[in-house]
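Working notes, beginning with the structure itself.
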Amino acid sequence: MTYDRHFATNWQLLLDAICTTMMLAPEREPPIVLSSLADLPYEVGQASGRAPLSFIQGPPGRNIALAIGLRAALPATPLVLIMSADSVTLGTNHLIHAARRNIGMTLLLLRSDVTAGAAPGSQDRMDWTQPYYQPDLESAPAPLAWLTALDAALVGRASLRDPDGLAELIHTAIETKGFGVLGVTTDARLEIGILSRSEWPEYFDAYRAWTAGLAAPAARAAGAAPARPARRVPRCALRIAGLGGHGIKLAGTVLSEALGRHEGLWTTQRGEYGSATRGGPSLVDVIAGSDPITYPGADQPDVLVLLSQAAAQRYAGSERPGAVLVADPGEVDPLPPGAAPVPITALAREHVGAPIAAGMVALGCVAALTEIVSLTALRLSLAGHVPQRLVARNQAALEAGYAAAQAAREGAQHG
Amino acid sequence: MTAPAPPTQLQTSFILREYLRPQMLPSTWCPGCGLGIILSSIAQAVHFRGLAKDQVAMVSGIGCTGRMSGYADFNTLHTTHGRAPAFATGLKLARPELTVITVMGDGDAMSIGGNHLVHAMRRNLGLVAVVVNNSVYGLTGGQLSPTTPVGGHTTTARAGSFERPMNLEALARAAGAAFFARATVNHSFGLTKMVERALSGPGFALVEVISNCHVLYGKMNETPEAAGMMMAMDANTVRSNPTLQRRARLPVRLTDAETPAVPAADARPLAGVQTDTRLRRGVIFERRGRVDYSGRYYAQSAPPGDDEAA
Amino acid sequence: MTHIAFMHGNEAAAEGAVAAGCRFYAGYPITPSSEIAEILSGRLPEVGGVFIQMEDEIASMAAIIGASLGGLKSATATSGPGFSLMQENLGFAVMSEIPCVVVNVQRVGPSTGLPTKAAQGDVMQARWGTHGDHPIIALTPSSAQETYHLAVRAFNLAERFRTPVILLMDAIVAQLKEKVEVPDPASLQIVPRAAPSVPPADYKPFPFARGEVGPLAVFGQGYRYHVTGLLHDEHGYPTEDPAVVSAWWEHMATKLDAHLDEILAWEEVQLADADLALVAYGGTARAAAHAVTLARSEGIKLGLLRPITLWPFPEEAVRRLAGQVRGFIVPELNLGQIRYEVERLSAGRVPVEGLHRADGLQITPDQIVSAARAAHARDQA
Amino acid sequence: MASVVRGVYHIEVYRALCKACGLCTAWCPQAVLEPDAEGYPLAPGLANCINCKLCERHCPDFAIEVSLAAVEKRA
């Protein structure tokens, strides 16, 4: 490769250095060059009519993030980024995070004396000057200092006045695993060479090592789709409303899976779940039916269970005529007309020792008072959603709710 | 508006009520969250500096920390994610006489806002930034943050993080911040003093506060209790001042010396990785003769001074 | 073999992506889409893919473009504020014809808005969010089941047409847990990345094929070429030549329009005899479908047109319907975005009424039925 | 010569602000504070209070206040 260095532009010198690295390591894949600088591809393209390199002209500053995606896909391909002011303006965040993570790429940060032919600055400590706006007002960005501080794998400085040294340094940076950065200048007074090195695993190498030990996916929830249900169930809307700490989210999950998996229906589950510590309102809507569910809200429930006074004030009376209504007489006063009284919270305390099982007691009531879900289906579903050691207690709560609701119904029939 | 008279005695809660918006309380923060302690420390620092509420602006970003500006009775600005330093820059340049305090979480300040933070430090305007570092994204549910330690479990790194965390101290030094201090919520008296000192000087002052997210990070990393997580900060940090380090060895201890350190979350060491993770707390660096550059934007004749004589 | 699962929409999007062959995800946490990242952070390593949490959404979008050029099917997921940040590089992907999938779980905006509340206010941003004229595909699911299938379809369309595809979800679907019949992966039709059949010397990375796209060569496999956000010729080199620019526009303007039959999808619910039509999509369409049942029980002949492909908009379906029904009602969780489209397409032939809210609450079937009743009464009078 | 006076301090807990996080009881070096059944702090050991204000300074919810009210009342 011959050229007249005396007349060569800075661009040609730089690209020639990159091409020289390919000769220094002929077995290595040719690099992909990323830059936002518009005039670069012409230089490359005109040399041979076709680009000898793949070239991405990404948006200013974002080439670093683009290179991260490329690195994830192509573990071994050298990625060479040519950046100028974009590295210390809109690209700064990408710059510092790629360095922090040590993602394998080689950055050439061009000082303004390279890009604009400006007079070399005297601010050696800053390494880099920003060629516009108010250069005398602000302290100049110092990307090499930032990246040294963040322990980039390699930080160096090279000069276009020493093209062979430049190629040599780029080659070294490419060979360095991880994030390498070279400040490129035309200034002869600046120190040239490797300024700092740091040891840290390359990000995607570490990623692959870190994730290699992860368990292969177990056969995911195997099992065929159940046969279509023999019975036709019209849309049925169930709502359980109480407070955070009543275990309402778990109840909703157990109920919807009992209906969907074991009763062969379509189901949806949505809710607002308060936390136990805050004790705010908590609510779950489960809709089930033979046809896929459209609207997931139980605005006019067919089954309504009220666990707290606030819930009763808000939702009593919203149910469809003829709906199944359950309320906890220990919490709700007065009892809404037609409600089956079941001391749900008291039963939860009795069987689990805390109100957290109230949702499970409520499900027992639903099984006792409706045709939509069986106790067996709830039991099966429950076993899949609580830790083994808690299954027995939750089942007791479920069955207590079932028994109490049956007793309440019989009481109502006889009384 | 006149500044309040310096307090004659520590009527702390009185001060707090003076500087908070009671109608906004209780906060939306989880029980035991260190953010309230940090807000309390900032309010006290403002009080002890004798600053009038009207002369103070608090600018926050998005996240649990972003909510802080809603509770403080200053001129408050709750901005977009990561951009608080940029909003604060505009405000400071428009009203140089205001004391502008920026509060950000670790993800807010260092991840999405990393660029703005670096350039704010470089410009060295008279801003105070309090960065609350709890190693995790709280508001969105416990994802990896740029300060999650190697081995720390998060919802987007269930097997433990392998990423090198951001070294804010080194970055602040390299980017040219005038002042950098680190406190923990377990050392709130020191935190108040650091914020006071940050408020007192020109230039960009950064205070990093190690805080607790026991609800998400703690739960995933075997420290689900607020108190335990905070007390562990005593063992996980070391005073930057050697005199104070010696004094700390004296038997007068208000926190339980037996409290175990937070286990390093079954960290699998990576080859070539330093394992000393104890952070220094205290004032880490303060550049002498630090220059507040904000004046320059009005009188552009002044050449940049030598601000590097640290 | 098909199996039963219980998933919310976010999980279905993540599982659908894995099934479609997604092997790279870059994202940034944001409510209410974070579960997609959380699930993929576990699932992608299992299938040999890469998950990375980036420093912001700008970087996330750039990284998935890079990974796609490297040959991995790539996706990101976000919500309103993050979607705004992605617009810059979304435009880059459109310009440089790079397949990728962007999931946007909409929430109430503008700005931080109501982070946890459902909305459909990003419909027009999905269409015109990045600057300049451009083709785009946006799909909007109404259920977890459909989210799974549309996630697969989004990747297929992205590969087929070399374009970013937006999976425009809302928090209703994203957070609703429901039963999903997960199909046997072998039964899914997956569009693989097309490889060039010509030798590198003859390869044109961006052919102006008028209504067709050429294969996108994977970087590092011998096809060295140039990718740019500038307007470019077929080799990817920037150009300002008006003739070349015109040819480029011709290509871009026709690449989706010539294949609307492959892209457009919508559902018609009881439209055959309807004299009043709802146009609803996403989570809101569920209330609309329920409202159709309720209204019909009152004797109101209500039907529903549910666009599944939101962009390009199923224009012919609306035009045809405008000649049949006596009015449209458009319920949506914004202050009128698709309503404009319906108004434009019905061109004054029939009245178009909007049923809008953007206060974080959802539109209920009762509200829709009330509107239908009023319209019906006006019609009878 | 300063000396610690015991038994003259008053501890006020604002229940409306308190979230029962337990930090104040965890920090109290004198075992003054104890949680009640719901986790809110009570001060059965008030006589031992040394006004160190660790409870007050570590309350994230501005819900506890140590004062000299007892002294003032006596005066």
Side-chain angles (χ1 to χ4, degrees), chain A residues 29-30 32 38 41-42 44-45 50-59 62-74 76-77 93-94 97 203-204 207 211 214-217 220-226 252-253 256-257 260-261 265-270 292-297 299, chain C residues 1-6 24 26 42-43 45-47 50 52 54-56 58-72 74 88-89 92 143 145 172 175-179 181 201 218-220 223-230 237-238 286-287 289-291 293 362 364-366:
Chain A
E29 264 191 67
I32 298 172
Y42 296 118
V44 178
R50 296 271 316 154
L53 307 164
S54 282
F55 192 96
I56 299 176
Q57 187 187 10
R62 316 299 181 209
N63 285 299
I64 300 168
L66 258 156
I68 293 173
L70 272 172
R71 173 57 70 233
L74 308 170
T77 311
N93 206 21
H94 313 306
H97 283 282
Y203 181 90
F204 289 106
Y207 175 87
T211 56
L214 296 184
R220 251 158 222 288
T253 305
S256 70
E257 293 214 20
R261 208 183 279 284
L265 303 174
W266 286 95
T267 62
T268 62
Q269 174 200 350
R270 78 167 193 195
I293 308 305
T294 54
Y295 181 59
D299 304 347
Chain C
M1 182 184 278
T2 304
H3 74 265
I4 300 295
F6 290 83
F24 181 84
R43 287 287 279 132
E46 286 176 358
V47 295
V50 176
I52 182 169
M54 296 297 287
E55 57 270 24
D56 57 28
I58 303 170
S60 305
M61 190 67 215
I64 68 167
I65 293 170
S68 188
L69 277 169
L72 298 182
S74 310
E88 173 196 315
N89 291 329
F92 184 84
S143 67
Q145 182 80 60
I172 300 175
Q175 307 290 352
L176 178 68
K177 195 171 178 189
E178 56 186 332
K179 186 165 114 170
E181 290 182 349
V218 171
F219 270 18
Y223 293 85
R224 292 187 297 276
Y225 59 98
H226 183 58
V227 181
T228 176
L230 289 167
Y237 297 123
R286 302 178 72 117
H290 193 59
T293 317
Q362 298 173 18
T364 63
D366 279 354

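These figures come from a predicted structure and were not determined experimentally. Atoms considered below: every heavy atom in the structure, side chains included; atoms not considered: hydrogens, waters and symmetry mates. Residue numbers start from 1 in every chain, and the chains themselves are labelled A, B, ... in the order their sequence lines are given, proteins ahead of strands.
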Residue part contacting chain C, namely of [X], when any heavy atom lies under 4.5 Å:
X         : result
Ala67(A)  : neither
Leu74(A)  : side chain
Glu29(A)  : side chain
Asp299(A) : side chain

Which heavy atom in [X] sits nearest to a heavy atom in [Y], and how many Å separate them?
X         : Y         : result
Ala67(C)  : Ala73(A)  : O-CB, 3.7 Å
Arg224(C) : Ser54(A)  : CA-OG, 3.1 Å
Pro296(A) : Arg286(C) : CD-NE, 3.8 Å
Ala65(A)  : Ala62(C)  : CB-CB, 3.5 Å
Glu88(C)  : Pro59(A)  : OE2-CB, 3.3 Å
Gly66(C)  : Leu70(A)  : O-CD2, 3.3 Å

Go through the atoms of [X] and report whether side chain, backbone, both or neither lie under 4.5 Å from a heavy atom of chain A.
X         : value
Leu69(C)  : both
Ala287(C) : both
Phe24(C)  : side chain

Tell me, do [X] and [Y] make a side-chain contact under 4.5 Å, heavy atoms counted?
X         : Y         : answer
His94(A)  : Asp56(C)  : yes
Ser256(A) : Lys177(C) : no
Thr253(A) : Phe6(C)   : no

How far does [atom1] of [X] sit from [atom2] of [Y], to the nearest 0.5 angstrom?
X         : Y         : atom1 : atom2 : value
Phe92(C)  : Leu66(A)  : CZ    : CG    : 5.5 Å
Glu178(C) : Arg270(A) : CD    : CZ    : 11.5 Å
Met54(C)  : His97(A)  : CE    : NE2   : 9.5 Å
Ile52(C)  : Tyr203(A) : CD1   : OH    : 3.5 Å

### Task
Please work out whether the ring planes of Phe55(A) and His226(C) are parallel, tilted or perpendicular, with thresholds of 30° and 60°.
tilted
## Note on the structure
Looking only at Ile68(A), Thr268(A), Ile293(A), the option with the highest number of non-hydrogen pairs under 4.5 Å against chain C is Thr268(A)
### Task
Check the pair Phe219(C), Thr77(A) against side-chain contact (heavy atoms from CB on, under 4.5 Å), reporting the backbone distance first and the verdict last.
CA-CA 9 Å; Phe219(C) 270 18; Thr77(A) 311; over 6 Å; no
### Message
I'd like to know if the side chain of Lys179(C) and the backbone of Leu265(A) have a donor-acceptor N/O pair within less than 3.5 Å.
### Response
yes
### Message
Applying side-chain contact (heavy atoms from CB on, under 4.5 Å) to Gln57(A) and Tyr237(C), what does each step give before you reach the verdict?
### Response
CA-CA 10 Å; Gln57(A) 187 187 10; Tyr237(C) 297 123; over 6 Å; no
